[in-house]
Amino acid sequence: MQSFKDRVLEIVAKIPKGKVMTYKQVAQSAGSPRACRVVGSIMKSNFNPKIPCHRVIRIDGKVGEYNRGRAEKIRKLRAEEAIK
DNA sequence: TAGTTGACCGGAA
DNA sequence: ATTCCGGCCAACT
């Protein structure tokens, strides 16, 4: 039995290149569509290169926050053509 | 065990 | 259009 945290990490790690998922979408895929806040908290607590958290953005299309800086996150997304 | 926190979302002013 | 407030749920202390 994996915790919600592990499940979210697994889903985020499965996000294909050039694709982006919203926090809510990830939370829903993890089993709790209303735990969008928890998803963010999980990521900052489990940041590792296997988890492309820069592909997880807000539902509004904004990048949200990032442990290394939003500019860096946006740059990566643009490099993958995941966003405008 | 209970309380606080938060990389969010949605609605209201 | 932007800004404020409340809610929701899991992790952390």
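Please read these numbers as outputs of a predicted model, since none were measured by experiment.
- For A/Lys76 and A/Glu72, the salt-bridge test fails: no basic side-chain N is under 4.0 Å from an acidic carboxylate O.
- When rounded to the nearest whole Å, the span between CZ of A/Arg34 and P of B/dC8 equals 19 Å.
- For the pair A/Arg58 (side chain) and A/Gly64 (backbone), a donor-acceptor distance under 3.5 Å is absent.
- One atom, NZ of A/Lys24, and another, P of C/dG7, lie 15 Å apart when rounded to the nearest Å.
- Across B/dA7, B/dC9, C/dA11, the shortest atom-to-atom separation from the side chain of A/Lys5 is found for C/dA11.
- Although no hydrogens or angles enter the test, the distance criterion places a donor-acceptor pair under 3.5 Å between the side chain of A/Asn48 and the main chain of A/Lys50.
- Nearest nucleotide to the side chain of A/Cys53, out of B/dC8, B/dA7, C/dA11: B/dA7.
- If you measure from atom NZ of A/Lys44 to atom P of B/dT5, you get 12 Å, rounded to the nearest angstrom.
- Of the charged side-chain nitrogens involved, at least one lies within less than 4.0 Å of a carboxylate oxygen, so that A/Arg55 and A/Glu80 count as a salt-bridged pair.
- Distance CD (A/Glu65) to P (B/dG6): 12 Å, rounded to an integer number of Å.
- Looking at the side chain of A/Arg58, the nearest of the listed nucleotides B/dA7, C/dA11, B/dC9 is B/dC9.
- In terms of polar N and O atoms assigned as donor or acceptor, the side chain of A/Arg37 comes within less than 3.5 Å of the base of C/dG7 in a complementary pairing.
- Distance from the side chain of A/Met43 is smallest for B/dA7 among the nucleotides B/dA7, B/dG10, C/dC9.
- The nearest whole Å value for the distance from the CD1 atom in A/Ile42 to the P atom in B/dG6 is 15 Å.
- Applying the 4.5 Å side-chain rule to ILVMFWY residues, one finds A/Phe4, A/Val8, A/Leu9, A/Ile11, A/Ile15, A/Met21, A/Tyr23, A/Val26, A/Val38, A/Val39, A/Ile42, A/Met43, A/Ile51, A/Val56 in the same cluster as A/Val12.
- Nearest to the side chain of A/Ser32, among B/dC9, C/dC9, B/dA7, sits C/dC9.
- Between the A/Ser41 side chain and the A/Arg37 main chain, a donor and an acceptor come within less than 3.5 Å of each other.
- If A/Lys62 and A/Phe4 are placed on DNA chain C by their nearest nucleotide, the residue sitting closer to the 5' end is A/Lys62.
- Of all the residues in residues 7-23 of chain A, A/Tyr23 reach under 4.0 Å from DNA chain B with at least one non-hydrogen atom.
- In this structure, CG in A/Asn46 is found 7.5 Å from CG in A/Asp6, a value given to the nearest 0.5 Å.
- If you find the closest nucleotide of DNA chain C to A/Ser45 and to A/Cys36, the one lying nearer the 5' end belongs to A/Cys36.
- A straight line from CD of A/Gln28 to P of C/dC8 spans 17 Å, rounded to a whole angstrom.
- Taking atom CG on A/Asp60 and atom P on B/dA7, their separation rounds to 16 Å, with Å as the unit.
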